[in-house]
2 protein chains.
Amino acid sequence: MPRTESCAPKSPSFISRDGYLVGWLRYVSNHVSQAFARKLEDRGVTVAEWAVMRELYGVDCLAPSRLAGQLGLTRGAITKLADRLVAKSLATRTPDASDARAQTLALTAQGRGLVPKLATLADENDAKFFAHLSAKERSMLERVLKDIVRIRNLKSIPVD
Amino acid sequence: MPRTESCAPKSPSFISRDGYLVGWLRYVSNHVSQAFARKLEDRGVTVAEWAVMRELYGVDCLAPSRLAGQLGLTRGAITKLADRLVAKSLATRTPDASDARAQTLALTAQGRGLVPKLATLADENDAKFFAHLSAKERSMLERVLKDIVRIRNLKSIPVD
DNA sequence: TATTGTTATACTCTATAACTATA
DNA sequence: TATAGTTATAGAGTATAACAATA
């Protein structure tokens, strides 16, 4: 038997129920990421690690500070993620020949081999949450998100 | 002087750069929430706390377990958030008269008074990130996000 | 037995800020 | 001085799972 329903809705509400995108965004992002995290678990990789691997996959190697810029994270955060990937033998750190301060991150063969498998999981996860969208909606969602990232990147180069 | 650009882009890439919504979503959500968190800081409230306050604002009171369902969180998570709101005198816990196991959460007068101010901050934050969207894009984004929440809610009633 | 809420525990994610070693 | 990366610290945000009280 459900509880006595003693809590009445209040009206009028002085704040709009709509126009609160942060909330919806957070809800969706959290849940989509959580579901994805479960899928990645079997492979021993976290969502943040996957994001790094994905960036590294498209290039031979990448400087941590550039990675930070691309992912919108601090250098400290990248250090930690890189630590973990290296510990798992999925990535390597190589000192830069021309600048002793700098270094370069790259996927190992193992890491490289893993990416397509993880990408499949990502696709499955995307499908699970976004399959019901029309092609038009889907592409608009994607474009809108990318635009925001782009605009953000222009405005706030890594905070740090 | 920037570093030697020794990391060439790899081609062809075997995973698509597109079709990876989790990533874009996470990026945007993290950054929008982070910016919002900074705004809320002055008021001594976190983003998750704000989400709870917002739910409570529309009703007289609400059972924690229902709140968990609405926000897509576990009961344990709600307990912690409620603890904090109560500690800040923004909300109260009241035992349910008809069921000694149950209780009810409600905003205090102070909490209630704070909500519109926080809502203004939320609106400002929304504007900062989404103002460049056309009305059509904006409403589609909102609808798409809400739809996903709705569908999720139907499918996976609180995991727990 | 099932349900409500709490507690204990554990992690991920991320930031800030100070620090080291170069440049 | 400025830059690249690391480290130490901290806190938010969640989950899982076991538990207590009540139904």
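The chains referred to below are lettered A, B, ... by the order of the sequence lines, with proteins before strands, and numbering in each begins at 1. Since we're looking at a predicted model, the values are computed, not measured.
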Undergrad: Can you tell which of C/dT4, C/dC13, D/dT16 lies closest to the side chain of B/Thr74?
TA: D/dT16
Undergrad: Taking the minimum atom-to-atom distance to the side chain of B/Arg101, which one of C/dA2, C/dG5, D/dA4 wins?
TA: C/dA2
Undergrad: Could you tell me if the side chain of B/Thr92 sits less than 4.5 Å from the side chain of B/Gln103, heavy atoms only?
TA: no
Undergrad: Does B/Ser65 have a side-chain nitrogen or oxygen under 4.0 Å from the phosphate oxygens OP1 or OP2 of C/dG5?
TA: yes
Undergrad: Regarding B/Thr79, tell me which of base, sugar-phosphate or nothing describes its non-hydrogen contacts under 4.0 Å with the strands shown.
TA: base
Undergrad: Heavy atoms from C-beta onward define the side chain here; which of C/dC13, C/dG5, D/dG13 lies closest to that of B/Ala63?
TA: C/dG5
Undergrad: Which residue, A/Ile78, A/Val52, A/Val149, A/Leu62, forms the side-chain contact (heavy atoms from CB on, under 4.5 Å) with A/Gln70?
TA: A/Leu62
Undergrad: When you measure from the side chain of A/Leu73, which nucleotide among D/dG13, C/dT14, C/dG5 comes out closest?
TA: C/dT14
Undergrad: Report the nucleotide, chosen from C/dT6, D/dT6, C/dC13, that has the shortest atom-to-atom distance to any side-chain atom of A/Arg93.
TA: D/dT6
Undergrad: I want to verify a distance call: between D/dG5, D/dA2, D/dT7, whose nearest atom is closest to the A/Asp83 side chain?
TA: D/dT7
Undergrad: Assess whether a salt bridge exists between B/Glu55 and B/Arg66, defined as any Lys/Arg side-chain N lying under 4.0 Å from an Asp/Glu carboxylate O.
TA: no
Undergrad: Look at the side chain of B/Arg75 and decide which nucleotide, out of C/dG5, C/dA15, D/dG5, has an atom nearest to it.
TA: C/dG5
Undergrad: Measuring from the side chain of B/Gln34 (C-beta onward, heavy atoms only), which nucleotide among C/dT14, D/dT14, D/dG13 has the closest atom?
TA: C/dT14
Undergrad: Applying side-chain contact (heavy atoms from CB on, under 4.5 Å), run through B/Leu121 and B/Arg43 and close with a yes or a no.
TA: CA-CA 10 Å; B/Leu121 297 180; B/Arg43 300 294 190 161; 4.2 Å; yes
Undergrad: Got A/Phe130 and A/Val32 here, is their nearest side-chain heavy-atom distance under 4.5 Å?
TA: yes
Undergrad: By nearest atom, which of the nucleotides D/dG13, C/dT14, C/dT22 is closest to the B/Asn30 side chain?
TA: C/dT14
Undergrad: With hydrogens left out and only the distance checked, is there a donor-acceptor pair under 3.5 Å joining B/Lys80's side chain and the base of D/dT14?
TA: yes
Undergrad: If you check the A/Ala102 side chain, which of C/dT14, C/dT4, D/dA4 turns out closest?
TA: D/dA4
Undergrad: Here's a test of your reading of the structure: between A/Ala100 and A/Gly72, which maps to the more 5' nucleotide of DNA chain C?
TA: A/Gly72
Undergrad: Is there a side-chain polar atom (N or O) of B/Arg26 under 4.0 Å from OP1 or OP2 of C/dT14?
TA: yes
